[in-house]
Amino acid sequence: MRFLGNIIWLLLGGLAISLCWALIGIILCFTIVGIPLGAQAFKMAGLTLSPFGHSVTYQGRFGSALANLLWLVLGGWWLALSYFVAGLINLATIVGIPFGIQSFKMAKLALMPFGAVIR
């Protein structure tokens, strides 16, 4: 079921979103200051390629909390809001419920990517 969910996810826009995340990561890595932000964008690109079958756990550290606060101010809340709205739209249909749940998982990661580990 995970395989089928990931294939449908990719066909319905997951591949395009993942490529956008990877492009953002490459652009951010051009500067030394942007490398940590670029690494988080690559984390999002990887999860966006195959969200089914992966879980996200958080390791709370003070440095991660500060980095997440900076990420939040610089635009992470916009990213999380877009995933949240996509999740609500997906939940409008019975077929879209699993995709809505995955969108909510990615919204949380888009809001707080630092300190998150994808398993």
Search all heavy atoms of [X] against all heavy atoms of [Y] and return the closest pair with its distance.
| X | Y | value |
| --- | --- | --- |
| S18 | A45 | OG-O, 2.9 Å |
| A80 | A107 | CB-O, 3.4 Å |
| S64 | G115 | OG-CA, 3.6 Å |
| P98 | V95 | CD-O, 3.4 Å |
| C29 | G38 | SG-CA, 3.9 Å |

When hydrophobic residues are tied together by side-chain contacts of less than 4.5 Å, even through go-betweens, does [X] share a cluster with [Y]?
| X | Y | result |
| --- | --- | --- |
| L12 | W21 | yes |
| I89 | I97 | no |
| F84 | I101 | yes |
| M112 | V117 | no |
| L72 | L37 | yes |

Measure from the side-chain N and O atoms of K43 to the backbone N and O of A116, and report whether any donor-acceptor pair falls under 3.5 Å. yes
About how many Å separate [atom2] of [Y] and [atom1] of [X], when rounded to the nearest 0.5 Å?
| X | Y | atom1 | atom2 | result |
| --- | --- | --- | --- | --- |
| L47 | H54 | CG | NE2 | 7.0 Å |
| Y83 | L111 | OH | CG | 12.5 Å |
| M44 | C20 | CE | SG | 12.0 Å |
| I17 | L10 | CD1 | CG | 10.0 Å |
| T48 | N6 | OG1 | CG | 11.0 Å |
| R61 | N68 | CZ | CG | 12.0 Å |

Stepwise side-chain contact (heavy atoms from CB on, under 4.5 Å) test for L49 and L15: CA-CA 6 Å; L49 272 178; L15 182 61; 4.0 Å; yes
Would you check if F104 and N90 make a side-chain contact, meaning some heavy-atom pair closer than 4.5 Å? no
Name the orientation class of the two ring planes belonging to F99 and F52 (parallel below 30°, tilted from 30 to 60°, perpendicular beyond 60°). perpendicular
W71 and F114 aromatic ring geometry - parallel, tilted or perpendicular at 30°/60° bounds: perpendicular
Crowding at CD1, I32 (>12 non-hydrogen neighbours, <6.0 Å): no
